[in-house]
Amino acid sequence: MMRRLVWFGGVGLAATVVHYLCVRGLVAHGGWKPLPANVVAWLVAFMFSFAGHFLGTFRDPALKAGRALPRFFAVAAIGFASNQVLYTLFTQYTPIRYDLAVFPVSLLVAFLTYVLSRRWAFDTTEAKPSAARYTALHKALLAVHVIASFMLAGYHWNKPLGNWDIIPYAALIGAERGMSAADISRRAYADVRAYVGEDVYRPMLDDFGGADSKYRVAVATQPAALVENLRFYSVKPLYLFLSRMAYPFTGNSASAAVLVSALATALTLTAIPFFFAKPALVIAGLWIFLFTGVPQLRLVAACAFPDSLSMLFVTLTALLAFARKPIGWVAGAAILGVLSRPDAAVIIVPLLVGFSWLQRKDGRTVPLLVLAAVVFAIFVTLGKLALPYSNLFWHTFMAREAYPGAITYKLTLADYLAVIRRTHHVLLEPRPLLFFVSACLLALVPLAWRRLWGFQLLAAAAAGNMVVHYLIFPIEEFGHERMFLGSYMVLICAAAFAFEQWRASRRATPGMPLARGGASTSA
């Protein structure tokens with residue numbers, strides 16, 4: 001262990017020096033711009049780091065470079081993203097100075113990198129045989145599905161919709177230290193206008209049936225009003241971090257925000273089928289889901305929504321926990337989900353608590369409960385930061401005449417109940433009603449088997465998430481239904497797991513545990 005730690009620290013330090021020298025050389029002597037120079041230097045330092053760890057830190061005759069290289073690349077990418085997100089959290093939400101915040105962040109990222117490298121990237125344990133042995137037809141179908149998912153994302157990135165949320169996100173992404181409120185507002189609106197086009201830009205500001213138009217015009221004409229709203233939108237640190245990373249490549253803050261949303265949608269669609277032995281049914285369900293209903297839910301890829309990123313990590317949390325993957329992977333997905341959108345905790349925490357019970361015989365109870373507590377703590381921390389500046393209750397319940405700081409009217413319980421009565425019909429719309437009823441049936445009907453299955457937990461969490469989000473965000477428009485995206489995707493997965501469980505039960509001996517990990521544990 002001591003030898004590994006010394007090698008690990010030495011290789012890491014040397015890789016940092018290599019990174020620095022490459023950047024300096026390319027910029028100072030090669031005439032490169034800093035951003036592409038940094039990318040190339042990171043790749044050079046990565047190869048140096050991999051060679052050092054492969055030949056020194058984790059040296060083992062059984063270690064295969066072809067298996068370790070892509071895994072270590074994933075670990076390095078996770079470490080880089082974690083460093084940026086943690087540094088943002090330390091500098092924005094703690095009193096620690098920016099120069100001192102480097103040390104705890106670096107230690108945490110180094111620890112994460114070491115654990116993932118030791119336990120996964122350079123692990124010599126033979127990989128377990130895959131549960132999904134795909135036929136040539138399945139492989140071809142998966143390839144077409146992946147290509148189509150990214151083509152869908154690319155189309156919507158080039159054909160964006162004018163959702164109003166794109167404005168505050170563009171302002172946050174394009175803001176620089178020392179900019180005045182007027183400069184932030186000017187740049188944000190200019191980027192949005194250039195990206196979506198005049199025919200979308202003008203209606204987005206003032207043609208929403210009158211309910212929101214005065215507020216939107218006020219925020220467009222009063223920079224202080226826009227900046228006040230940014231405090232509420234700023235509590236999605238992962239979404240903002242990724243959008244800022246994309247900004248130099250797109251050259252437009254609004255375009256960067258939509259790009260992250262579109263790619264998150266494509267990655268969600270891409271990842272799900274690989275968790276199933278027979279992916280054809282899941283792929284068909286996903287595409288039917290995307291193109292049915294009015295409006296079609298594929299349109300979320302054309303909007304600046306952190307909901308798409310949250311949907312990705314909520315779904316991965318459910319699938320990784322269901323399949324009994326290592327706790328580190330479940331933890332990564334869960335924490336990134338709540339950093340994408342804090343209220344993702346509404347579905348993630350029940351899932352983790354439920355799986356802690358279902359997988360208690362595997363010794364996973366304590367780690368999953370600890371992870372649930374961590375996710376809930378992050379949710380509370382970010383929620384407290386957002387609440388004092390939130391225009392949520394004003395936007396949903398109050399008169400829409402001015403920006404939040406100009407409102408003196410206080411929300412009462414009677415006001416809230418009046419909105420619930422006025423909007424409850426939305427839950428009876430075809431798509432939400434179909435998914436909610438299906439989730440309830442899938443969660444409750446199999447109780448006749450006197451056994452609690454993993455897919456029942458997924459379905460119950462999906463139904464609960466829909467109810468809680470409706471009570472927090474009474475739906476009056478399509479935009480609020482996007483908060484059900486996590487429920488929709490988790491329910492599709494639950495239905496597919498239930499089908500595979502049913503197929504397996506027809507071939508299994510009665511009373512015997514069935515194949516799929518999370519689905520086979522009895523209560």
Side-chain angles (χ1 to χ4, degrees), residues 67 71 74-75 78 112 115-116 118-121 123-134 268 271-279 282 312-338 347-375 442-443 446 449 451-462 486 489-505 507-508 511-523:
R67 184 183 178 204
R71 292 188 173 198
V75 170
I78 290 171
L112 173 68
V115 171
L116 289 177
R118 177 71 186 91
R119 297 294 182 183
W120 183 63
D123 185 19
T124 55
T125 306
E126 287 297 320
K128 296 178 182 178
S130 173
R133 292 186 173 88
Y134 301 126
T268 306
I272 290 175
F274 287 93
F275 284 83
F276 297 88
K278 305 291 184 182
V282 182
L312 169 63
F313 291 114
V314 164
T315 308
L316 285 177
T317 301
L319 291 172
L320 291 168
F322 184 95
R324 285 186 169 86
K325 296 299 182 181
I327 293 294
W329 289 106
V330 181
I335 292 172
L336 291 176
V338 78
I347 187 170
I348 290 175
V349 170
L351 282 172
L352 295 175
V353 172
F355 279 118
S356 72
W357 166 259
L358 286 175
Q359 298 173 3
R360 62 195 183 281
K361 294 181 180 178
D362 299 332
R364 292 165 64 92
T365 298
V366 173
L368 287 171
L369 288 177
V370 170
L371 177 57
V374 170
V375 169
L442 196 59
W449 301 343
R451 183 172 298 197
L452 182 63
W453 304 94
F455 65 79
Q456 288 177 258
L457 172 61
L458 298 183
M489 287 297 178
V490 168
L491 181 58
I492 289 173
C493 296
F497 280 131
F499 177 77
E500 288 195 350
Q501 191 77 29
W502 173 74
R503 289 287 300 272
S505 68
R507 296 188 292 271
M512 293 288 288
L514 302 180
R516 305 294 302 190
S520 62
T521 307
S522 60

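In this chain, residues are counted from 1 in sequence order.
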Heavy atoms only: give me the nearest [X]-[Y] pair and the separation to one decimal.
X	Y	value
Ala443	Ala460	CB-N, 3.8 Å
Cys493	Leu319	SG-CD2, 3.8 Å
Thr317	Ala334	OG1-N, 3.2 Å
Trp329	Leu320	O-CD1, 3.6 Å
Leu336	Phe313	CD1-CE2, 3.6 Å
Gly354	Leu457	C-CD2, 3.5 Å

Within this structure, what is the CD-OG1 distance for the pair Gln359 and Thr365, rounded to the nearest 0.5 Å?
8.5 Å
Calculate, to the nearest 0.5 Å, the distance between atoms CZ and CG belonging to Arg324 and Leu358 respectively.
8.0 Å
Are the side chain of Gln501 and the backbone of Gly454 linked by a donor-acceptor contact shorter than 3.5 Å?
no
Evaluate the ring planes of Phe497 and Phe322, with Trp represented by its six-membered ring, and classify them as parallel (under 30°), tilted (30 to 60°) or perpendicular (over 60°).
parallel
Please work out which of the three classes, parallel, tilted or perpendicular, describes the rings of Trp502 and Phe499, given edges at 30° and 60°.
tilted
Can you tell me which residue among Val349, Ile347, Val353 is in a side chain to side chain contact (heavy atoms under 4.5 Å, CB included) with Leu351?
Ile347
Report the C-alpha separation of Phe355 and Arg364 in whole Å, then their side-chain angles, then the decisive distance to 0.1 Å, and conclude whether the side chain to side chain contact (heavy atoms under 4.5 Å, CB included) test is met.
CA-CA 8 Å; Phe355 279 118; Arg364 292 165 64 92; over 6 Å; no
State, yes or no, whether a side-chain contact exists between [X] and [Y] at a heavy-atom distance under 4.5 Å.
X	Y	answer
Leu371	Val330	yes
Leu369	Trp357	no
Phe276	Glu500	yes
Met489	Val314	no

Could you walk me through whether Ile272 and Ile492 pass side chain to side chain contact (heavy atoms under 4.5 Å, CB included), step by step?
CA-CA 10 Å; Ile272 290 175; Ile492 289 173; 5.6 Å; no
